[in-house]
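First the structure, in the form of structure tokens, and then the observations on it.
Naming: A, B, ... by sequence-line order, numbering from 1 per chain.
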Amino acid sequence: MSEQIKIHLPDGSIREVPSGTTPLDIATSISPRLAAVVVVARIKALHAAAPASTTDETTSEDAMYAAHDAAAEKIVDLRHPLTEDVSLELLKETDPDALKVLRHSAAHVMATAITELYPEVKLGHGPATDSGFFYDIYREKPFTPDDLSAIEQRMADVVQRDEPFLRSYEPREQALADYAEHGEFMKQHFIEKFTQPGEEVSLYKNGAFTDFCRGPHVPSTGRVKAYKVTTIAGAYWLGDEKNPQLQRVYGTAFYNQKDLDAHFKHLEEIKARDHRVLGKQLDLFSIQELAGSGLIFWHPNGAIIRKTMEDWMRDECLRRGYDLVVTPHVMRRELWQISGHEGFYGQNMYAPMELDDAEYRLKPMNCPGHILIYKNSPKSYRDLPVRYAELGNVYRYERSGTMHGLLRVRGFTQDDAHIFCTPAQIEDEVVACVEFAEEVLHKFGFNEFKVELSTWDPNDAKHYVGDPKDWELAVNGLKTALNRKNIPYKEIPGEAAFYGPKIDVKLVDVLGRLWQLSTVQFDFNLPRRFELEYTGEDGEKHQPVMVHRALFGSVERFFGVLIEHYAGAFPLWLAPIQIGLVPISEKHTAYAETVKKELEAIGLRVTLDARNEKMNAKIRDLTLQKVPFVLIMGDKEAEAKAVSVRTRGKGDEGSTPLADFLARAKNLLETKAATL
RNA sequence: GCUGAUGUAGCUCAGUGGUAGAGCACUCCCUUGGUAAGGGAGAGGUCAUGGGUUCAAGCCCCAUCAUCAGCUCCA
């Protein structure tokens with residue numbers, strides 16, 4: 001151990017220390033105060049060979065456990081002995097990586113509490129998540145809310161004891177035997193999966209609690225200062241619904257109470273933006289138990305927004321060279337057999353219904369309908385590309401537990417289009433679709449998005465139609481288009497539609513959440529299945545290819561995301577009530593009526609609150625309805641033909657001539673401004 | 001579909017086996033007001049649905065439906 005190693009610190013200094021020195025030693029040597037606040041260390045080997053990448057095809061489960069070890073840069077315990085030249089960064093509580101470590105440690109603290117309270121449980125795994133941590137527990141009896149608070153209280157004891165997290169190693173066979181003896185089938189599985197025979201396995205021990213774990217951890221349980229056990233939910237062992245279900249106990253943790261409070265405040269904010277909550281408050285839509293779950297009723301306030309969105313979309317399609325079509329909701333079963341939907345998508349379709357001697361099925365997609373229109377008359381290469389667009393209502397069977405407000409429903413409207421073109425035209429058409437998608441997102445106030453390219457999984461070929469050569473061609477077509485637009489994208493194998501690969505545009509909302517909406521898909525299969533043709537320049541018959549695209553994706557889902565993005569405070573052009581009029585007393589109502597007429601004349605939706613109420617009450621009610629402009633008028637305004645303007649989010653702006661306000665509103669309306 | 005929780009007035013929610021409650025919203029009356037709630041009165045409920053236990057069920061038990069948090073699956 002007399003060998004010296006060099007430690008490079010972030011300030012550029014280099015320390016020469018004996019091998020085996022720990023980050024904690026170094027922190028202490030810098031300053032004892034630093035040692036007290038430091039939590040973990042980030043190190044990077046300076047000369048070592050690149051870490052051996054065991055295999056490229058890691059499952060998500062592998063990745064979950066391998067993440068730390070695979071990275072050239074890694075996070076280690078403060079007690080981790082350093083044995084080679086490294087760059088070392090001591091992480092304080094404020095580092096995001098340090099927070100992850102804390103949460104992982106909090107999961108151990110929770111597991112400690114749980115095993116103390118309920119010795120009969122078997123442990124699964126307990127990782128940190130984006131917003132906290134969980135631990136999967138197997139126990140015959142479900143945990144009750146009382147159990148959760150008992151667990152939380154016991155955690156306080158564990159924290160109080162301030163037990164150090166100590167790493168140790170044990171022969172694999174020994175660990176396996178120990179776990180087998182206690183019936184810890186999940187731990188056995190993890191050891192078998194993540195370690196090799198003959199290896200030593202890594203264990204972490206705090207007090208009497210030991211867990212198979214790669215770490216790293218904070219120095220001791222006392223560091224877990226602010227935490228909460230939040231909820232419990234079922235989770236399948238290894239994510240497979242054929243396996244037994246575990247109880248996943250969720251919690252979250254922070255280094256201090258202030259951050260924990262802020263976290264819950266943030267959750268409150270998210271809840272206040274919840275489209276289901278706002279949908280009720282603003283009377284936008286409802287779901288009726290009598291009608292069935294996953295089916296949306298658009299109330300007047302929601303329907304007027306929808307109309308505005310749809311009008312814009314139709315106009316935009318026409319402007320971009322699409323033709324509008326409308327196709328039926330139910331079509332004969334044979335059609336769905338030919339298209340392949342019955343075979344590849346049947347699980348998601350409503351059951352067939354019998355009418356006369358034929359069977360019909362509700363449409364889950366619009367493509368076959370558009371194909372029939374294409375086939376209805378012969379096409380020449382001069383006609384291509386043919387672009388059919390429809391706001392088509394589709395119905396898909398979703399399992400009962402999966403519905404979620406407007407975001408996951410059984411009946412919805414797709415702004416669907418199918419482009420029939422020659423192979424040579426694909427690239428231009430795909431580029432045009434992606435540009436159109438960008439325009440849609442910008443128009444509705446979303447400025448950030450991410451692009452994914454979903455390809456097939458050749459190992460799972462039975463879920464897809466077509467042969468590998470075509471798939472490769474199609475994927476390359478989409479890639480070329482994306483590259484031409486210089487759009488960065490992430491490739492995701494196994495996520496393609498059954499008939500072809502797709503480009504998914506995921507938008508990022510104002511809270512940074514990702515939503516899957518727009519999609520552009522390539523399809524060579526349906527043209528083949530329906531024997532589509534066009535006559536080429538050479539007079540011969542050729543087969544067109546198809547591009548499917550939906551930009552809102554689902555009008556329902558897009559609307560749901562829009563509600564959350566704007567927190568219900570829609571820009572003027574979309575707001576159901578655009579202007580609220582408040583006469584100060586009843587004697588000003590007549591003047592308000594004349595103002596209302598003038599505003600309506602330029603196409604504004606106006607509400608006049610003529611109730612027998614004080615103006616403050618009226619202002620409050622209109623404000624809670626998130627009306628963009630509230631115009632208040634009394635004697636002064638009536639005399640001067642003016643209005644007193646109250647702008648949403650800004651408040652009182654004082655009196656202004658009515659003509660000026662009309663010009664301002666007109667401008668916002670005509671430009672469809674994304675804010676106010 | 002699975003695990004757990006929840007379902008009471010239009011909305012938000014109290015109500016631990018003995019005559020269904022509050023606030024807001026609604027209707028009427030009084031009040032006629034300068035930038036987020038004026039005062040009073042009234043009306044409104046097969047306690048999700050269907051069974052069961054009990055002298056007695058909103059409350060306890062079973063089933064179904066729906067919602068919520070997850071899991072799984074997807075626009």
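- Remark: the separation of the C1' atoms in B:rU31 and B:rG21 is 30 Å, to the nearest Å.
- Residue contacts for A:A617: at a heavy-atom cut-off of 4.0 Å it reaches the sugar-phosphate backbone alone, with no base atom in range.
- The residue A:Q625 sits apart from the nucleic acid: no heavy atom pair falls under 4.0 Å.
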### Summary
Its dot-bracket string being built from Watson-Crick and G-U pairs below 3.5 Å, with | for another strand and [ ] for crossing, RNA chain B has the pattern (((((((..((((....[..)))).(((((.......))))).....(((((..]....))))))))))))....

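- Within the 4.0 angstrom heavy-atom criterion, base atoms lie near A:D652.
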Could you go over nucleotides 25-33 of chain B and give all protein N or O partners under 3.5 Å, atom names and distances?
residue	atom	partner	partner atom	Å
B:rC30	N4	A:N612	ND2	3.2
B:rU31	N3	A:N612	OD1	3.0
B:rU31	N3	A:N612	ND2	3.1
B:rU31	O4	A:N612	OD1	3.1
B:rU31	O4	A:N612	ND2	2.0
B:rU32	O2	A:E586	N	2.9
B:rU32	N3	A:E586	OE2	3.3
B:rU32	O4	A:E586	OE1	3.1
B:rU32	O4	A:E586	OE2	2.8
B:rG33	N7	A:I584	O	2.5

### Task
Determine, for nucleotides 41-46 of chain B in 5'-to-3' order, which nucleotides have protein heavy atoms under 4.0 Å from the base (write B), from only the sugar-phosphate (write S), or from neither (write -).
------

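- Separation of the C1' atoms belonging to B:rU6 and B:rG44 is 25 Å when rounded to the nearest angstrom.
- Side-chain contact check for A:R410 and A:Y350: no donor-acceptor pair (N or O, by modelled atom type) lies under 3.5 Å.
- Salt-bridge check for A:E316 with A:K443: failed, with every basic side-chain N at 4.0 Å or more from each acidic carboxylate O.
- Note on A:R646: a side-chain N or O is less than 4.0 Å away from OP1 or OP2 of B:rA36.
- Between B:rA48 and B:rG15, the distance separating the two P atoms is 15 Å to the nearest Å.
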Counting only pairs under 3.5 Å, give me each side-chain donor-acceptor contact of residues 589-596 of chain A, with atom names and distances, residues two or more places apart or in other chains.
residue	atom	partner	partner atom	Å
A:T589	OG1	A:E586	O	2.9
A:Y591	OH	A:A642	N	3.0
A:Y591	OH	A:A642	O	2.7
A:T594	OG1	A:Y591	O	2.6
A:K596	NZ	A:E600	OE2	3.4

### Message
Using a 4.0 Å heavy-atom cut-off to protein, can you give one letter per nucleotide of nucleotides 70-75 of chain B, 5' to 3': B if the base is in contact, S if only the sugar-phosphate is, - if neither?
### Response
BBBBBB

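- Comparing the C1' positions of B:rG45 and B:rG58 gives an interatomic distance of 11 Å, to the nearest angstrom.
- Sorted by residue number, the members of residues 284-299 of chain A with any non-hydrogen atom under 4.0 Å from RNA chain B read A:E289, A:S293.
- With both ends at atom C1', the span from B:rC47 to B:rU16 equals 15 Å, rounded to whole Å.
- Between A:H275 and A:H404, the two ring planes are tilted [angle within 30° to 60°].
- Using a 4.0 Å cut-off between a side-chain N of Lys or Arg and a carboxylate O of Asp or Glu, A:K506 and A:E495 do not qualify as a salt bridge.
- For the residue pair A:E564 and A:Y566, no side-chain donor N or O sits within less than 3.5 Å of a side-chain acceptor on the partner.
- Here the separation of B:rU53 from B:rC61, taken at their C1' atoms, is 7 Å to the nearest Å.
- A:R306 forms a cation-pi arrangement with A:W298, by the criterion of a distance under 6.0 Å to the ring centre and an angle within 45° of the ring axis.
- With rounding to the nearest 0.5 Å, the separation of CE in A:M313 from CZ in A:F436 is 5.0 Å.
- Across B:rC68 and B:rG23, the matching C1' atoms stand 24 Å from one another, rounded to whole Å.
- Counting heavy-atom neighbours within 6.0 Å of A:K228 NZ, excluding the residue itself, gives a total of 12 or less.
- Remark: the separation of the C1' atoms in B:rC13 and B:rG1 is 32 Å, to the nearest Å.
- Residues A:S286 and A:Q288 have side chains that bring a donor and an acceptor to within less than 3.5 angstrom of each other.
- Here A:I114 contributes atom CD1 and A:E120 contributes atom CD; the two are 11.0 Å apart, rounded to the nearest 0.5 Å.
- Among the heavy atoms of the strands, none lies under 4.0 Å from A:L622.
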